[in-house]
Structure formats: C-alpha cells, structure tokens
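Heads up, the thing below is written out as structure tokens.
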Amino acid sequence: MHNMELGEDINGLAQVRKGVAEQCVLALLTRGEMYGFELARELGARGRIIARLRRNGLVETSWQESTSGPPRRYYHLTGDGELALANFKKQWRVFRDTVDEILDEGSQE
C-alpha cells in the first residue's frame, strides 16, 4: 500500500462513495416521496445520482404544484428500486462486516 499513489486511493474511495450514495437515495425514499431539493439536502448529493437512478428505473418522478413557488419534482421508489435497495443492504452488511473484521485484526498488532 505504500507504493499506492494518493490519487489512486482517493479515486477508489470516491467510487465507493458514489455507489453508496445511490443506495442512500433509495433508502431515503423508503420514508416516502421526497422533493428533489430535500433529497439533495439530506444527502448532500448532486443531481447526477438521482438522474442515474431515474434512468435505471429505480425511482420515478412526478410534478406537484407548490404554494410557495413553481411546481416541484418529487421522487419515489419503484418496485425495482425497492428490490435493488434490499439486495444492496444484504451485500453491504457482508462487505461492511468483512472490512471491519480485517481492520480490527490489523489494529491488534
């Protein structure tokens, strides 16, 4: 690992964050339909993640009138989105436990 360039390490972490962020959007939507700005605020995400989820059929949108401005786009999970989130949760727990186990073993030296 000492030979790894710092940029490579950061890029790897960015890829993990990107994949996890999409799943976090799906998890947030299990609470119910959310306005796009709410999602971005909750997650600190940019629209690219949400757009990709929509393209992949994991979320759908609808426009609703707002009493305080222009119509707002709301997002909600599709059936495929619910399945994708459930599968991710199973895989994430195994991955997380494995990483924690390895990190814990390394700290005992």
Side-chain angles (χ1 to χ4, degrees):
M1 179 117 174
H2 294 290
N3 295 331
M4 181 183 288
E5 295 291 325
L6 181 59
E8 291 175 11
D9 188 37
I10 291 171
N11 187 43
L13 185 56
Q15 291 300 316
V16 170
R17 285 183 181 152
K18 180 178 165 184
V20 171
E22 289 183 3
Q23 303 305 316
C24 288
V25 169
L26 297 178
L28 285 169
L29 289 173
T30 63
R31 300 178 190 169
E33 189 172 68
M34 293 181 79
Y35 170 48
F37 183 75
E38 282 179 293
L39 273 173
R41 188 181 62 228
E42 284 277 339
L43 187 63
R46 295 193 162 64
R48 290 173 284 156
I49 292 170
I50 297 168
R52 189 168 42 249
L53 291 170
R54 203 169 84 203
R55 265 194 320 274
N56 291 334
L58 303 177
V59 301
E60 291 180 338
T61 62
S62 62
W63 288 96
Q64 297 181 18
E65 292 298 323
S66 169
T67 58
S68 61
R72 295 178 174 182
R73 181 180 285 191
Y74 283 81
Y75 295 81
H76 60 272
L77 279 176
T78 63
D80 286 345
E82 290 175 7
L83 288 172
L85 179 60
N87 288 332
F88 174 79
K89 285 179 177 181
K90 289 177 192 172
Q91 294 171 6
W92 178 256
R93 288 181 182 114
V94 171
F95 175 75
R96 178 202 59 207
D97 292 347
T98 301
V99 170
D100 286 347
E101 198 174 292
I102 291 168
L103 292 176
D104 289 344
E105 288 173 4
S107 66
Q108 294 175 5
E109 294 177 4

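Just the heavy atoms: all of them, side chains too, but no hydrogens, waters or symmetry mates, feed the values below.
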Legend entry - Residue pair E22 / L53: nearest heavy atoms and the distance that separates them: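 For E22 versus L53, the nearest heavy atoms are O-CD1, 3.8 Å.
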Legend entry - Least distance between heavy atoms, Q23 atom then A84 atom: OE1-O, 3.8 Å
Inset, instruction - Please answer: with hydrophobic residues joined when any side-chain heavy atoms are less than 4.5 Å apart, are F95 and L103 in the same cluster? - result: yes
Legend entry - With sequence neighbours excluded, residues passing side-chain hydrogen bond (donor to acceptor under 3.5 Å, both in side chains) with Q91: none
Inset, instruction - Only counting residues at least two apart or in another chain, list the ones meeting side-chain hydrogen bond (donor to acceptor under 3.5 Å, both in side chains) with S68. - result: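 So S68 forms a side-chain hydrogen bond (donor to acceptor under 3.5 Å, both in side chains) with S66, R72.
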Legend entry - Any donor-acceptor N/O pair, T78 side chain to L58 backbone, under 3.5 Å: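 Flag set: sc T78 to bb L58 pair under 3.5 Å.
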Legend entry - W63: hydrophobic cluster co-members (side-chain, 4.5 Å):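 Traced through the cluster, W63 reaches no other member.
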Legend entry - With sequence neighbours excluded, residues passing side-chain contact (heavy atoms from CB on, under 4.5 Å) with V94: T98
Legend entry - Qualifying salt bridge (charged side-chain N to carboxylate O under 4.0 Å, His left out) pairs, either residue in residues 76-86, two or more places apart: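 Listed once each, the pairs would be none.
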Inset, instruction - Check step by step if side chain to side chain contact (heavy atoms under 4.5 Å, CB included) holds for E42 and L39. - result: CA-CA 5 Å; E42 284 277 339; L39 273 173; 5.7 Å; no
Taking only distance into account, with no hydrogens and no angle test, what donor-acceptor pairs under 3.5 Å do side-chain atoms of residues 24-36 form with protein atoms, sequence neighbours excluded?
residue, atom, partner, partner atom, Å
T30, OG1, A27, O, 2.6
E33, OE1, Q64, NE2, 2.7

Inset, instruction - Any chance you could measure Y75, atom OH, to E38, atom CD, to the nearest 0.5 Å? - result: 12.0 Å
